[in-house]
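Scroll down for the structure; my scribbles are underneath it.
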Amino acid sequence: MGFKIGLDIDGVVADSFPVFIAELNKHYGKNVTEIDDYDIAKVYGVPWDDMDSFFNENMEYLFSTPEPMAGALETIRYFQDKGNEIFFVTARRCGGEERVTLDWFERHGIPRDKAIFAGGASKTFAVRELGINVFVEDFMSNALEIASIGVPVLLLDTPYNQGKTPKGVTRCYNWREIKELIEEIQQRKVSQNY
Ligand SMILES: [Mg+2]
């Protein structure tokens with residue numbers, strides 16, 4: 001049975017945070033080693049507007065430089081080869097960010113059926129519209145929202161998403177586990193249908 005697999009980009013498929021941290025440390029003259037709060041402006045102790053300008057001015061570098069997460073590419077190809085559909089739903093925005101991201105997909109040979117650039121909008125709308133069966137995310141608020149509409153979420157463990165894992169959200173630690181958990185969810189769904 002083909003599944004619709006939803007994937008976040010930053011911190012899930014793209015190993016973005018090491019690149020962000022390196023550039024932010026240079027820019028702000030800091031030595032942050034770990035982002036333990038999803039609000040990066042707070043971590044660096046700068047106003048949000050300032051952080052926003054930094055990301056706008058350096059967008060091209062910040063979004064084109066990260067490497068794919070270990071195991072992500074192989075796993076995405078594995079699921080696509082098995083007849084599943086791959087949907088990206090990201091907070092990156094349409095326009096320039098979309099162009100840089102699509103180039104990045106091409107460069108790394110990351111297959112996809114569709115990519116939605118939601119910007120600041122909630123991801124739940126796209127997740128529901130696309131009929132996604134399972135979603136992989138690293139930001140706890142998004143995970144909560146998506147789980148609240150009944151879509152199982154796999155939360156890739158990071159320093160900024162610690163705490164109790166809510167109902168419908170399963171914490172996982174790498175792409176090998178993501179692969180196993182997606183297959184488990186598929187199995188469960190298949191047996192429910194019989
Ligand atoms: Mg993310």
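Atoms within each ligand, like the ligands themselves, are counted from 1 in listed order. Residue numbers start at 1 and run along the sequence shown.
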| query | side-chain hydrogen bond (donor to acceptor under 3.5 Å, both in side chains) with Y160: which of D36, D37, D138? | reply | D138

| query | Nearest to the Mg ion (ligand 1), which N, O or S atom of D138 do we find? | reply | OD1

| For the side chain of D113 and the backbone of F87, is there at least one donor-acceptor N/O pair under 3.5 Å apart? | no

| When you check the side-chain N and O atoms of D50 and Y28, is any donor under 3.5 Å from an acceptor? | yes

| message | Please name the atom of D10, limited to N, O or S, that comes nearest to the Mg ion (ligand 1). | response | O

| field | Sequence-distant partners of T75, side chain to side chain donor-acceptor pair (under 3.5 Å), two or more places apart | value | none

| query | In D8, what N, O or S atom is nearest to the Mg ion (ligand 1), if we give its atom name? | reply | OD2

